[in-house]
Amino acid sequence: FYYCLTTVTSVGYGEIVPHNTSERIFAVFVEFVGAFIFALIIASLTAVATSMDINTRAVSDQLEMVAAFVEVRQFPASLGRRIRRHFR
């Protein structure tokens, strides 16, 4: 099990290797902790990137609604530009 996990997690075997069962158990535990922390970091970065995209899309949707409102109400062009500029 130790060799499979070490290969899958790309930790490698290195020059310092566990020699008995308790050392191997400790190494497996540390590898699991490292993989868990790596997964948390990737999940956090993904959440940040997703929230940025959601905010950008919300602003874009709001600007589209404002533009449609200005067009439906047939505001003068200069007033429509000022209103859209305000919402940017």
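Numbering of residues begins at 1 and proceeds along the displayed sequence. For the numbers below, each heavy atom of this structure counts, side chains included, while hydrogens, waters and symmetry mates do not.
Contacts classified as side-chain hydrogen bond (donor to acceptor under 3.5 Å, both in side chains) and involving residues 59-68 (residues at least two apart or in different chains) are given here: Arg57-Asp61. For residues 67-85, there are no side-chain hydrogen bond (donor to acceptor under 3.5 Å, both in side chains) pairs, not counting sequence neighbours.
Other cluster members for Ile42: Phe38, joined by side-chain heavy-atom distances under 4.5 Å among Ile, Leu, Val, Met, Phe, Trp and Tyr. Counting side-chain heavy-atom gaps under 4.5 Å among Ile, Leu, Val, Met, Phe, Trp and Tyr, the cluster of Phe36 also holds Leu40.
Cluster annotation: Leu63 and Val70 are assigned to the same hydrophobic cluster (Ile/Leu/Val/Met/Phe/Trp/Tyr, side-chain heavy-atom contacts under 4.5 Å, transitive). Using a 4.5 Å cut-off between side-chain heavy atoms of Ile, Leu, Val, Met, Phe, Trp and Tyr, with links allowed through other members, Phe29 and Ile37 fall into the same hydrophobic cluster. Met65 and Val59 are not part of a single hydrophobic cluster, where members link through side-chain heavy atoms under 4.5 Å apart. Cluster membership for Val30 and Ile25, using ILVMFWY side-chain heavy atoms within less than 4.5 angstrom, is not shared.
Listed by chain and residue number, Phe75 satisfy the ring pair (Phe, Tyr, Trp, His ring centres under 6.0 Å) test with Phe69 (two or more places apart in sequence, or in another chain). In terms of the side chain to side chain donor-acceptor pair (under 3.5 Å) criterion, residue partners of Ser22 (sequence neighbours excluded) are, by chain and number, Asn20.
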